[in-house]
Amino acid sequence: MPLEKPQWKELFEEVVTGGLCTGCAACIISCPHDVLDYNTAQGAYKPFHLPVDGGPEDCTHGIKGCTMCTRACPRFRNWETEIDEKRFGRERTDDEIYGQAFTVVLARATDPELAAGGQDGGFVSALLAFALENDHIDAALVSGLEGDGSTWRPAPTVVRNRAEVLATAGSRYTYSANTLAYPAAIEGGAERIALVGMGCMASAPGAMQARKAGKVARRLSLTIGLLCSKTFDDAIFEELFEAKYGITRAEIVKMNIKGVFQLWLTDDRYVEVPLKECHAWTREGCTACPDFAAEHADISTGGIGTFSDWTLTIVRTEQGRELLEAMEAAGAVETRPGDDDPAAIALLRRLAGVSRKRWPATAVEAPRRLPA
Ligand SMILES: Cc1cc2nc3c(=O)[nH]c(=O)nc-3n(C[C@H](O)[C@H](O)[C@H](O)COP(=O)(O)OP(=O)(O)OC[C@H]3O[C@@H](n4cnc5c(N)ncnc54)[C@H](O)[C@@H]3O)c2cc1C
Ligand code: SF4
Ligand code: SF4
């Protein structure tokens, strides 16, 4: 039997039109022939094949043996088990519902600017600044905002220093495929690149490493995950916030989700929008996503729990553990045990289980498995 070489044709059928695609863009940045692009029109957030070299549903490079897009895709076939085995040396047990981890701590930046500019404890920003300043990485792929930020439209962005990290701190709840900033990082000469992203993106480096997807796999050398239940379509600004609450994009200063959609506005105003009103704007790519806890990152971070100015921090790999220890030793971050907030750990387990139930029964079984 000839060796199977799955390529864009299979990716298109099984993932992109098969309801599993998250829009993480890993396939696009891995394509060595530059025949894939990204469609953000009307909330699509999906890759497409340019109308050359095989057209939308097939790829002439794939027919000749190129498999790079399926190697990069963190939703293709047996992705979860393959990445677990590569990253952690073994398959997860069913009880490891939020993925494999050494420890969970609460962490926050000691630098007051980073602590204030960050979404929760500013831990992610402190980590990026520390890693850039101490020669762990050359650049990081994060989410900035278009223009002066008043549209709240995320823009995948490369950061290379503390000021750029600070300028891109905080959370946006619409989708930012930070992977798409990879070519700009390479153009700038970066070889060791951190990727910040929700679970869908945070599994991409592991998929690439497990399936040997070339230089991209080597260069994405650190992965910082963001806990995530869903992202919203950009239309939520006009169709809900403006239509029902009279809030324009430019009036929003900060947003967060803590049981409700919290909006801080200019002139010290504050509005809470019930999450049930927001669900209709859930981005399609999130509806089958089983990964709340960014289970393949080196370190995953979230804001759930009692303490709003600490980042819930899940340390997963040896690399992540060494980095956190180095930050603590340098005084860049302070930590306390995750057990200080048992309700946060319980919620982490619960939300991880809720997401795993979304993975379709028609796809491979592993990402649906739950504790007995
Ligand atoms: C879409 C989304 C959904 C989330 N959902 C949850 C949740 O349900 N429960 C929970 O506990 N935590 C959630 N988080 C994580 C939380 O909001 C914080 O990002 C996390 O706690 C880290 O806080 P921090 O202060 O350390 O981060 P910061 O120091 O503020 O750094 C945040 C980093 O995230 C990047 N970023 C911001 N917005 C986006 C985006 N839309 N896409 C990709 N990267 C982005 C920034 O560029 C920055 O590098 C979510 C985050 C996002 C972006
Ligand atoms: S999940 Fe990501 S890598 Fe897979 S097809 Fe969609 S955009 Fe490409
Ligand atoms: S729920 Fe979050 S992690 Fe999952 S696809 Fe949507 S944005 Fe990505």
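Values in this document were obtained by computation on a predicted structure and should not be read as measured data. When a ligand or atom number is given, it counts from 1 through the structure's own listing order. Position 1 is the first residue of the sequence, and the numbers go up from there.
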One finds that the ligand 1 atoms under 4.0 Å from a non-hydrogen atom of Thr231 are 1 (C)
Contact set, ligand 2, heavy-atom distance under 4.0 Å, ordered by chain/number, equals Leu11, Val15, Val16, Cys21, Thr22, Gly23, Cys24, Ala25, Ala26, Cys27, Pro47, Cys73, Pro74
- [ ] Would you please determine whether Arg358 falls within less than 4.0 Å of ligand 3 on a heavy-atom basis?
- [x] yes
Contact region, Phe292 to ligand 3, non-hydrogen atoms below 4.0 Å, reads neither
Hits for side chain to side chain donor-acceptor pair (under 3.5 Å) against Gln7, two or more places apart or cross-chain, chain-then-number order -> Asp58
Per-atom filter on ligand 1: closer than 4.0 angstrom to a heavy atom of Ile304 are 11 (O)
Checking heavy atoms under 4.0 Å, the part of Ser229 that sits near ligand 3 is backbone
task = Could you tell me whether Arg108 sits above the aromatic face of Phe123, with NZ or CZ closer than 6.0 angstrom to the six-membered ring centre and within 45 degrees of the axis?
result = no
Taken in chain and number order and not counting sequence neighbours, the residues that satisfy side chain to side chain contact (heavy atoms under 4.5 Å, CB included) with Arg153 are Glu146, Thr151, Asp234, Arg249
Distance under 6.0 Å and angle within 45° of ring axis: Arg269 vs Trp264 | no
Residues passing the side chain to side chain contact (heavy atoms under 4.5 Å, CB included) test with Thr40, sequence neighbours excluded, are Tyr38, Tyr45
The atoms of ligand 1 lying under 4.0 Å from a heavy atom of Leu226, numbered in the order shown, are 19 (O), 34 (O), 44 (N), 45 (C), 53 (C)
